[in-house]
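Shown next, in structure tokens, is the structure this report addresses.
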There are 2 protein chains.
Amino acid sequence: MVSNTDLSDALAQRLSDSGLRSTPQREVIYNVLLTKRDHPTAEDVFARVKPEMPMISIATVYNCLETLVQCNLVRAVNFERGPTRYCPNLHPHAHFHDEQTGATHDIDLPDSLLGQVKSILPPNFDASSVEIIFRGKARPAA
Amino acid sequence: MVSNTDLSDALAQRLSDSGLRSTPQREVIYNVLLTKRDHPTAEDVFARVKPEMPMISIATVYNCLETLVQCNLVRAVNFERGPTRYCPNLHPHAHFHDEQTGATHDIDLPDSLLGQVKSILPPNFDASSVEIIFRGKARPAA
DNA sequence: AATTCTATTTAGAATGATTCTCATTCCTTA
DNA sequence: TAAGGAATGAGAATCATTCTAAATAGAATT
């Protein structure tokens, strides 16, 4: 089992790799993201962190999220207009955006496909990342 | 050669299909999008339309763009946070976002690949559209 | 342990993009 | 030509995000 302390250590490691400090705010925010992986907005994160840390400010939430993105611990996603959403970054994955419910699902992305997708680029284009977003409706699984 | 009138006619057709009217504002805005396909923002469009139609308001620009999107004549794209960008929708295509220059290039998307990409979806996901965004740098072509 | 230096946080103001409200104008059809 | 709905325009309002400047907290050094 992965303990809370392990996660904090991993976070601390990544932060110090980038010359940054581990702080209670950064830890709590990262934990919130790991706990409920529903692609929350900054305001969502703010609301979830508040009970634990009532004095935290929304500016800090934005700052910390940006920091986590910088450290490659978290990925920022923008579907359509509207607030940026955040997900803790594990494997490469696509996103499926359910237009009825507004929910976002992670779709595992095979390496082979990633290669094929990149291969449609003309030779002078050098892609550092690829993002794939599906939109549609998800039938409830049987 | 495709005349300006032809385009207006096509526009009028699409609009009336959706029970909407063709108006000078909608025509001018659509024309602006067709004339310079550099994925302009609403403000960009506003600036380009003004010389021709000085009384137009930014609210109308937003309204008209939204209308064109509704009629499937135009596609709205959101790279990262920041304003929505608009492109007149021809074939299915991916977008390449040059991180150095901020420019966006259309990348032609073969049907076959589109199918392969869709095939990674579990059976209970029904995608009505797929969006592919590359990020990176484009070397100037030889 | 006290001091210094810098990173981080905070509250609130400011900004940017978009939407809303509602009065006015413009078609369309009766 | 009158009535009714669609579309536009000006400005206010809202939402998401960033900025600013002051307060705090940590780490490193004395």
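Note on naming: letters A, B, ... go to the chains in the order of the sequence lines (proteins, then strands), and numbering restarts at 1 for each one.
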* Asked: Between B:Ile29 (CD1) and D:dT8 (C1'), how many Å, whole number?
  -> 11 Å
* **Donor on one side chain, acceptor on other, A:His97 and A:His95, under 3.5 Å** => no
* Close aromatic pair by centroid cut-off 6.0 Å: A:His39 and A:Tyr86 -> no
* Contact residues, residues 46-85 of chain A to DNA chain D [heavy atom, < 4.0 Å] -> A:Ala59, A:Tyr62, A:Pro83, A:Thr84
* Got a sec: does the NZ of A:Lys118 have more than 12 other heavy atoms crowding it under 6.0 Å? -> yes
* Asked: Between C:dT6 atom P and A:Leu20 atom CG, what is the distance in whole Å?
  -> 16 Å
* Smallest separation among heavy atoms of A:Phe134 and A:Ala94, with atom names -> CE1-CB, 3.9 Å
* What closest approach, in Å, do A:Asn72 and A:Arg14 show between heavy atoms, and which atom pair accounts for it? -> O-NH1, 3.5 Å
* Would you name the heavy atoms of A:Arg85 and A:Asp44 that are closest together and state the gap between them? => NH1-OD2, 4.2 Å
* Is any side-chain nitrogen or oxygen of A:Gln25 closer than 4.0 Å to OP1 or OP2 of D:dA25? -> no
* What do you reckon, is CD of B:Glu52 surrounded by more than 12 foreign heavy atoms closer than 6.0 Å? -> no
* What is the distance from CG of B:Leu15 to P of D:dA7, rounded to the nearest Å? -> 9 Å
* Structure fact -> In short, A:Ile29 meets A:Val61 closest at the heavy-atom pair CD1-CA, 3.8 Å
* Structure fact -> Once base and sugar-phosphate atoms are separated, protein heavy atoms under 4.0 Å mark nucleotides 25-30 of chain C, 5' to 3', with B, S and - as --B---
* OP1 or OP2 of C:dT9 less than 4.0 angstrom from a side-chain nitrogen or oxygen of A:Thr23, does that happen here? -> yes
